Amino acid sequence: MTDTSEKIRSLFLTALMVFSVFAGTIAFSGGAAAAANVSVEQAAEYDSGTVELALNGSTGSAVSATDIDVYLDGNKNPSNYGITSVGADGQNGRLAFSLAQDVQPNRNLTVKVSNLTGGDNTIVAEDIDVTSETITTTGTNNTDINAFRGEVIAVKDTGADATNNGPSIEVDADSVVLSDSYTDNSQVYTVDTSDFDTGEDYTISVDNTEEAVVTVSDLSLEVNIDDDVGDGANIDDTDTLAVNVSTNRGGEPANATLFNEDDDKVATIVKNLQGNENVVFDFGNQSADDSPYYVKVTDNQTGVSAESDQINVSESDDGEASFETGTVQDELGDVANITVQMSNTEDAVINVGSQEDDNYYIQGQLTDEDGDGEVTVQFNSYTAGTHGTNTVLSVPGDDDLDDVEEGGSFNRGTLSDDALEAGSYSINVTAGTSPDVTSPDAVGTLRLNENSVESINTWAAPSDAEIDDDDVDIYDRIGVNLTESDDLAAEDVVVHEIQASGIEGALEYEQEDGSASDATEAFIDATDTTPDRINSADTTDSGLRLYVNRTDVGANAEEQPIDFSNSSGAVTVVDDPDNNTYFVAVDTSDVTFENGKTIVGEEDTRLNATFSVREGPLTDDRNSDSAIYTTSERDATLNLDDSGVVTVSAAAGQEVTGTTNVAPGSELEVEMESESEANPFVLRPETDVAPDGTYTATADFSEYSAGTNFTVQTLDVDGDSDFSDEEDGRIVEADTATVSISDQESDGSEVVVDSAQLSEGGFIVIHDSTLLDGEVEGSVVGNSEYLEAGSHEDITITLDEPMDEDFTAIAMPHLDTNGNEAYDFPGADGPYTANGSAVTDSANVTVSAEEEQTEAPDTETETEAPDTETETEEQTEEATTMDSGTEEAETTAAEGPGFTAAIALIALVAAALLAVRRDN
């Protein structure tokens with residue numbers, strides 16, 4: 001047996017040696033093939049177009065340019081790459097010639113030499129190494145180059161083929177990574193950097209002489225399949241096959257080649273790459289027959305390549321289109337959104353209306369470019385019927401709409417002619433691109449209702465409010481700097497909230513077909529604001545009108561309208577067409593009446609704002625609504641104490657309050673200036689007007705002496721002039737307080753404060769430290785009743801909600817600043833302070849569960865508790881009998897509440913004993 005194994009092993013080794021010898025006879029560098037009596041040992045392109053073939057022997061006779069054919073990517077002798085000279089004719093085993101221009105590393109280069117003696121008279125070198133850089137030896141290191149990993153570098157030594165054994169070459173970084181010698185009959189050695197480390201410097205030496213240092217970088221060439229670009233790695237034959245290509249170097253061309261499952265080239269695209277940006281290579285639709293595919297991208301300059309993952313293409317099912325909802329409703333004059341859903345297709349044809357039933361139709365070709373399976377079609381009922389002169393159909397976003405055709409006997413000469421009638425219009429959609437629709441995939445109804453003006457309301461905003469700021473939704477302004485009001489201060493912004501349908505189409509027309517760049521310009525262009533509200537002709541096609549007139553002009557006088565034409569920049573419009581709502585903001589400081597007067601120049605005005613849709617293209621009856629509001633001179637009033645002055649304490653956190661008619665959200669300053677030369681100060685704390693028209697300025701008076709008098713005045717930061725509300729103020733001794741609380745146990749419903757001293761009376765408030773985190777209001781868990789000024793001990797405070805776990809209680813004395821003896825913080829009743837901080841003390845509260853009290857059982861209604869020992873013996877005997885099978889087990893129901901937890905436990909013990917016996 002051993003002999004047999006040794007024989008088999010010997011035969012295997014022998015076969016391996018024979019195979020190695022055979023393989024050595026057919027393989028050669030550069031992909032060369034056998035020719036006449038010589039073969040190619042190495043082939044390379046270098047030095048900007050020089051091609052060298054190192055042979056294993058002489059060609060016997062000189063090779064001329066006419067004997068050489070050059071193939072570039074399979075194309076024979078391309079005109080731009082003709083042979084200009086032959087440098088070595090092959091008789092000494094080396095053939096070298098020059099091309100008219102350099103070959104880029106991404107190209108496939110093949111050379112065929114003919115008219116030789118012997119064999120088939122030819123030699124062929126295929127897939128020749130095309131290098132991107134050439135280093136020429138000089139005997140000294142005078143070359144520093146940068147290379148991307150994957151580039152092939154040529155090292156040329158003009159004396160290399162004159163020796164029997166070519167010179168040695170060595171490449172090292174921290175250690176030798178390559179050690180070899182030149183091929184016989186060759187003057188060039190190729191260094192492939194594919195396995196080099198990026199960021200390293202590699203020294204190239206020839207015959208132990210350093211010649212160059214190469215710094216290797218990463219091109220970071222990546223080919224990704226991205227759903228946002230194409231349709232992903234699993235698509236069908238109606239989807240787009242595309243890849244994203246990125247690199248860290250831009251501006252250079254790259255070839256992207258699509259290969260099928262047989263590695264055959266399907267298509268090639270050449271584009272310039274962009275540094276750190278994606279470049280899309282789109283190969284369109286591909287057949288499922290040749291799936292799977294992959295894309296190989298090669299950087300032309302370096303020859304570095306990268307491949308995508310596999311892309312699977314399947315046959316598509318039949319495409320189908322449908323409507324998200326069968327009935328779409330909107331008002332005449334608005335833009336109806338019709339959502340088309342697509343399955344297994346990117347294309348569909350939509351029709352709105354019909355010649356037979358509606359005397360009007362419009363058709364469009366839809367393409368789902370973003371690949372989300374749906375396209376929203378916007379139908380502008382205001383411009384419908386203009387037959388191509390205005391935009392009627394459109395699609396938002398990245399989707400496409402083409403080949404729009406509008407027709408039918410309903411034809412509007414101008415937009416001032418009657419629009420479509422309100423009513424129901426048929427809609428249908430069909431997958432594909434054919435405009436000849438006979439059997440649509442889905443049908444539905446577009447119902448256009450009569451438009452109307454529902455209401456107009458007024459809101460106040462600060463004079464500096466940017467109503468159309470894209471970063472702040474106008475609805476988020478409500479309660480902040482937008483407050484519903486019909487009484488405004490001059491210079492503030494009045495916002496007219498118009499709720500009306502049938503406006504959207506006119507505004508969209510002004511932006512799509514007109515010159516308007518935003519909603520404000522569109523509204524002004526579409527709406528008649530001519531300052532003449534009675535019997536004036538429309539100046540717009542839409543019939544929309546907005547008039548704001550002063551009505552308090554006295555008897556026998558005409559109302560004075562605002563002249564918007566002389567009020568450039570006074571109007572800002574924010575539209576919300578989905579809710580038929582339009583906010584028209586008017587800065588009252590920038591408008592003038594027709595008589596030239598201004599709102600600011602008048603002490604009080606009464607205004608009537610009317611929005612209407614006049615009889616015309618959109619309606620047969622006038623629809624309108626009005627809002628009346630007033631403006632008055634800007635005013636602010638400081639709150640004074642009973643003695644008619646502003647009183648503050650010589651402490652931090654002192655509040656000075658007042659009321660004003662300027663819009664909530666407006667910024668004010670309260671200026672407090674000392675009248676004492678010995679104790680001078682000027683304080684200007686800022687404050688915002690609250691929604692109820694009040695304001696509170698907080699200042700620190702802890703560094704100033706009690707008894708100091710000062711003046712107080714509210715400054716109108718946003719207005720043109722200050723308020724005339726200067727008042728007297730004085731500093732009094734600061735209110736003082738102390739508080740003490742000790743660690744304690746509690747049932748969680750209350751805590752006890754040991755003692756407190758309050759100079760002005762007030763409350764003791766309990767905060768939970770775990771909730772505090774800078775939010776005093778949110779951490780309050782309880783407060784005492786009102787405490788008179790003076791000292792107090794053992795103050796029991798009931799918590800708002802019982803605590804169920806231990807916590808740290810913070811006791812904090814608060815003032816009764818409004819004198820109502822009710823705790824009103826944070827609106828009033830701020831804390832006592834010392835040195836600028838609230839007075840506090842803290843303690844750990846241990847919450848213990850309340851002990852459960854069990855009442856003695858009523859002997860008349862409850863059974864006596866059974867004897868534990870007897871019950872155990874009985875159950876054990878019963879269990880034993882059941883186990884033996886000699887007696888029948890009998891169960892008696894327990895009567896009354898006598899079956900307690902203890903009895904249940906005993907039953908479990910008995911069962912355990914039974915289990916032990918069974919095991920034994």
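Given the structure is predicted, the values throughout are model-derived calculations rather than measurements. Numbers for residues simply follow the sequence, beginning at 1.
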Please output the side-chain donor-acceptor pairs of residues 485-494 that fall under 3.5 Å, not counting sequence neighbours, one pair per line with the distance.
{"from": "S485", "atom 1": "OG", "to": "D487", "atom 2": "N", "distance (Å)": "3.1"}
{"from": "S485", "atom 1": "OG", "to": "D487", "atom 2": "O", "distance (Å)": "3.0"}
{"from": "D487", "atom 1": "OD1", "to": "T630", "atom 2": "OG1", "distance (Å)": "3.1"}
{"from": "E491", "atom 1": "OE1", "to": "D720", "atom 2": "N", "distance (Å)": "3.1"}
{"from": "D492", "atom 1": "OD1", "to": "R634", "atom 2": "NH1", "distance (Å)": "2.9"}
{"from": "D492", "atom 1": "OD2", "to": "A663", "atom 2": "N", "distance (Å)": "2.8"}

Atom pairs and distances, donor-acceptor, side-chain atoms in residues 749-758, under 3.5 Å, two or more places apart:
{"from": "S749", "atom 1": "OG", "to": "D747", "atom 2": "OD1", "distance (Å)": "2.7"}
{"from": "S749", "atom 1": "OG", "to": "D747", "atom 2": "OD2", "distance (Å)": "3.3"}
{"from": "D754", "atom 1": "OD2", "to": "S742", "atom 2": "N", "distance (Å)": "3.1"}
{"from": "D754", "atom 1": "OD2", "to": "S742", "atom 2": "OG", "distance (Å)": "2.3"}

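Of all non-hydrogen atoms in Y832 and E760, the two that sit nearest each other are OH-N, 3.1 Å. Nearest heavy atoms, Y695 versus A636: OH-CB, 3.8 Å. Minimum interatomic distance between L668 and T660 (heavy atoms only, all atoms of both residues): CD1-CG2, 4.3 Å. Nearest approach of L544 to A526, heavy atoms of both residues: CB-O, 3.9 Å. When all heavy atoms are compared, the tightest approach of L482 to A461 is CD1-CB, 4.3 Å. For S676 against T708, the heavy-atom pair with the smallest separation is CB-CG2, 4.0 Å.
Under a 3.5 Å cut-off, the side chain of S784 and the backbone N or O of I797 do not form any donor-acceptor pair. In this structure a side-chain-to-backbone donor-acceptor pair under 3.5 Å is missing from S501 to N451. Looking at E331, its side chain never comes within 3.5 Å of a backbone N or O of G502 through a donor-acceptor pair. Between the side chain of D841 and the main chain of A811, no donor-acceptor pair closer than 3.5 Å is present. No donor-acceptor distance shorter than 3.5 angstrom exists from the side chain of E727 to the backbone of L640, with no hydrogens or angles considered. For the pair N661 (side chain) and D635 (backbone), a donor-acceptor distance under 3.5 Å is present. Side chain of D563 to backbone of F593: no donor-acceptor contact under 3.5 angstrom is found. For D334 (side chain) and I503 (main-chain N/O), a donor-acceptor pair under 3.5 Å exists by modelled atom type. Distance alone, capped at 3.5 Å, is enough to place a donor-acceptor pair between the H814 side chain and the D829 backbone. A donor-acceptor contact shorter than 3.5 Å links the side chain of T527 to the backbone of F523.
Rounding to the nearest 0.5 angstrom, the gap separating the CZ atom in F611 from the CD atom in E497 is 13.0 Å. Atoms NZ and CZ, from K597 and R550 in turn, are 6.5 Å apart once rounded to the nearest 0.5 Å. With values rounded to the nearest 0.5 angstrom, N818 atom CG is found 11.5 Å from N639 atom CG.
With sequence neighbours left out, the ring pair (Phe, Tyr, Trp, His ring centres under 6.0 Å) criterion links F723 to no other residue. Listed by chain and number, the residues in a ring pair (Phe, Tyr, Trp, His ring centres under 6.0 Å) with F701 are F681, F710 (sequence neighbours excluded). Partners of D575 by salt bridge (charged side-chain N to carboxylate O under 4.0 Å, His left out), not counting sequence neighbours: none found. Listed by chain and number, the residues in a side chain to side chain donor-acceptor pair (under 3.5 Å) with S624 are R622 (sequence neighbours excluded). Taking the ring pair (Phe, Tyr, Trp, His ring centres under 6.0 Å) definition, one finds that H496 meets it with Y629, sequence neighbours left out. In this view, E655 satisfies the salt bridge (charged side-chain N to carboxylate O under 4.0 Å, His left out) rule with no residue, not counting sequence neighbours.
Within 6.0 Å of the CG atom in N579, the count of heavy atoms belonging to other residues, nucleotides or ligands exceeds 12. Atom CD of E785 has 12 or fewer neighbouring heavy atoms from other residues, nucleotides or ligands inside a 6.0 Å radius. Other residues, nucleotides and ligands contribute at most 12 non-hydrogen atoms within 6.0 Å of the CD atom of E733.
Residues I498 and V584 are in side-chain contact: their nearest non-hydrogen atoms beyond the backbone lie under 4.5 Å apart. In this structure the side chain of Y704 reaches within 4.5 angstrom of the side chain of L683, judged on heavy atoms. Side-chain contact between H767 and M812 is present, with heavy atoms from C-beta onward closer than 4.5 Å. Side chains of V656 and V712 form a contact here, defined as non-hydrogen atoms less than 4.5 Å apart. T551 has its side chain out of reach of I628: every pair of non-hydrogen atoms, C-beta onward, lies at least 4.5 Å apart. Looking at heavy atoms from C-beta onward, D528 lies in side-chain contact with Y547 at the 4.5 angstrom threshold. The closest side-chain heavy-atom distance from E675 to T711 is below 4.5 Å. Considering only heavy atoms from C-beta on, N709 stays 4.5 Å or farther from D728 through its side chain.
Sequence neighbours left out, the pairs with a member in residues 463-484 that pass side-chain hydrogen bond (donor to acceptor under 3.5 Å, both in side chains) are Y475-D576. For the side-chain hydrogen bond (donor to acceptor under 3.5 Å, both in side chains) condition, the pairs that include at least one residue of residues 793-809, sequence neighbours left out, are T808-N844. Residue pairs meeting the side-chain hydrogen bond (donor to acceptor under 3.5 Å, both in side chains) criterion with at least one partner in residues 663-674, sequence neighbours excluded, are E671-R684. Under the salt bridge (Lys or Arg N to Asp or Glu O under 4.0 Å) criterion, no residue pair touches residues 811-824, with sequence neighbours excluded.
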**Message:** Test side-chain contact (heavy atoms from CB on, under 4.5 Å) on W459 and I467; report intermediate values, then the result.
**Reply:** CA-CA 12 Å; W459 300 71; I467 299 298; over 6 Å; no
**Request:** Please test T529 against I524 for side-chain contact (heavy atoms from CB on, under 4.5 Å), starting from the C-alpha separation and ending with a verdict.
**Result:** CA-CA 8 Å; T529 58; I524 292 174; 5.6 Å; no
**Request:** Could you give me the CA-CA distance, side-chain angles and deciding distance for T605 and T631, then say whether side-chain hydrogen bond (donor to acceptor under 3.5 Å, both in side chains) is met?
**Result:** CA-CA 5 Å; T605 63; T631 66; 2.3 Å; yes
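Residues D604 and R606 are not paired through a salt bridge, judged by the lack of any N-O separation under 4.0 Å between the basic side chain and the carboxylate.
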